[in-house]
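Note sheet for the following structure.
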Amino acid sequence: MLQAKHTRTGAKAGAPVLYAVNGTAGPVHGAHHAVVVTNDGFTRNAHAWGARHHIHLVDREQLLQWAQDGAALHELLALPARTRRALRRAA
């Protein structure tokens, strides 16, 4: 599941965004992976909470690599090799 958050310049996405994603990704959407993308950055609390609950965070720099440079999302997220193989097979 991917959740996109557009913030004002200089405003960072906080942990409350991740609480909502964590509560719905698996139970509601059946997702194996949760990703939150923002056009700016994440607070320290969001980074810590995301790491603890295995939610991938994509900030402005990674978003640019993905959108402009064509970097593969699974490489940006550093997913385990078995997951990358499954993504390649599905493509």
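- Here T7 pairs with N39 under the side chain to side chain donor-acceptor pair (under 3.5 Å) rule; sequence neighbours left out.
- Side chain of T38 to main chain of K5: a donor-acceptor pair is present (N/O by atom type, distance under 3.5 Å, no hydrogens or angles).
- Note on ring orientation: taking the six-membered ring where Trp is involved, the planes of H33 and H56 are tilted (angle from 30° to 60°).
- For the pair A15 and W49, the tightest heavy-atom approach, listed with the atom from each and the gap, is CB-CB, 4.5 Å.
- Linking Ile, Leu, Val, Met, Phe, Trp and Tyr residues whenever their side-chain heavy atoms come within less than 4.5 Å leaves L64 and W66 in two separate clusters.
- Taking each heavy atom of R8 and D40 in turn, the nearest pair found is O-OD2, 3.8 Å.
- Environment of CZ in R52: crowded, with over 12 heavy atoms of neighbouring residues, nucleotides or ligands closer than 6.0 Å.
- Atom NE2 of H54 and atom NE2 of H32 lie 15.0 Å apart (nearest 0.5 Å).
- The two residues A31 and M1 have their closest heavy-atom pair at CB-N, 3.6 Å.
- D59 places a side-chain N or O within 3.5 Å of a backbone atom of E61 that can act as its donor or acceptor partner.
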Original post:
Between L57 and L18, does a side-chain contact (heavy atoms from CB on, under 4.5 Å) hold up when you go through it step by step?
Top reply: CA-CA 9 Å; L57 306 180; L18 305 183; 3.6 Å; yes
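- For the pair V36 and F42, the tightest heavy-atom approach, listed with the atom from each and the gap, is O-CZ, 3.4 Å.
- No chain of hydrophobic side-chain contacts below 4.5 Å, direct or via other Ile, Leu, Val, Met, Phe, Trp or Tyr residues, connects L2 to V17.
- The nearest pair of heavy atoms linking A13 to A46 is O-CB, 3.7 Å.
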